[in-house]
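Quick notes on the structure that follows.
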Amino acid sequence: MSEPDNPSPTLQHTGGEIAMILIGVVLLLPGLCSLVLALGSMSEWRSGDPILQALMGLWVFCFAVSGVGIALIWLARRNAGRRAS
């Protein structure tokens, strides 16, 4: 088998992009934990427990932190893709 004439460009990440991806992955963890706990307590949502209502606010905050992590990962991948093409 021979090599193709026009190989597809590979993504080469800079140190800053690698750091952005790693920080983004770490920021995804609170949202993942919140999702697991929210799904586990789904049967108690209608009880009107004030502690559960406070936890829902914390879960929303954790999902927002995960959104920042997703944005960091997307931004790092987009910048690497722009340089490759």
Side-chain angles (χ1 to χ4, degrees):
M1 301 288 280
S2 62
E3 300 265 337
D5 292 337
N6 293 328
S8 62
T10 58
L11 294 179
Q12 302 246 340
H13 294 288
T14 64
E17 290 168 349
I18 292 172
M20 287 173 65
I21 291 171
L22 290 176
I23 291 170
V25 169
V26 169
L27 289 176
L28 288 175
L29 296 176
L32 179 65
C33 292
S34 294
L35 181 64
V36 169
L37 292 174
L39 291 176
S41 67
M42 195 178 273
S43 63
E44 300 173 13
W45 283 6
R46 292 188 179 178
S47 66
D49 184 17
I51 294 175
L52 187 61
Q53 290 175 354
L55 279 176
M56 286 183 184
L58 181 63
W59 292 336
V60 169
F61 176 74
C62 290
F63 292 142
V65 169
S66 290
V68 171
I70 291 170
L72 279 175
I73 293 169
W74 176 77
L75 186 64
R77 302 243 336 138
R78 186 186 70 170
N79 287 342
R82 283 185 177 173
R83 272 196 326 276
S85 53

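On a predicted model such as this, the values are computed, not experimentally measured, just so you know.
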inquiry  = Keeping Ser66 on the side-chain end and Leu27 on the backbone end, is there a donor-acceptor pair under 3.5 Å?
reply    = yes

query = Do Val68 and Val65 belong together in a cluster built from hydrophobic side chains that touch within less than 4.5 Å?
reply = yes

query = If every non-hydrogen atom of Ala80 is compared with every non-hydrogen atom of Glu17, which pair is closest and at what distance?
reply = N-OE2, 3.5 Å

request  = Please say whether more than 12 non-hydrogen atoms of neighbouring residues, nucleotides or ligands are located less than 6.0 Å from CG in Leu39.
outcome  = yes

query = Side-chain heavy atoms under 4.5 angstrom apart, residues restricted to Ile, Leu, Val, Met, Phe, Trp, Tyr: same cluster for Trp59 and Ile70?
reply = no

ask   = Step by step, would you call Leu28 with Ile73 a side chain to side chain contact (heavy atoms under 4.5 Å, CB included)?
value = CA-CA 10 Å; Leu28 288 175; Ile73 293 169; 3.8 Å; yes

task = Please confirm whether the backbone N or O of Ser41 pairs with a side-chain atom of Glu44, one donor and one acceptor, at under 3.5 Å?
result = no

message = With rounding to the nearest 0.5 angstrom, report the CG to CG distance, Leu55 to Asp49.
response = 8.5 Å

message = Do Phe63 and Met42 land in one hydrophobic cluster if side-chain heavy atoms of ILVMFWY residues count as linked below 4.5 Å?
response = yes

key: Residue pair Cys62 / Pro30: nearest heavy atoms and the distance that separates them   = CB-O, 3.8 Å

ask   = Would you say Leu52 and Leu37 are hydrophobically clustered, going by side-chain heavy atoms of ILVMFWY under 4.5 Å?
value = yes

message = Same cluster or not: Leu72 versus Val25, using hydrophobic residues (I, L, V, M, F, W, Y) connected whenever any side-chain heavy atoms lie under 4.5 Å apart?
response = no

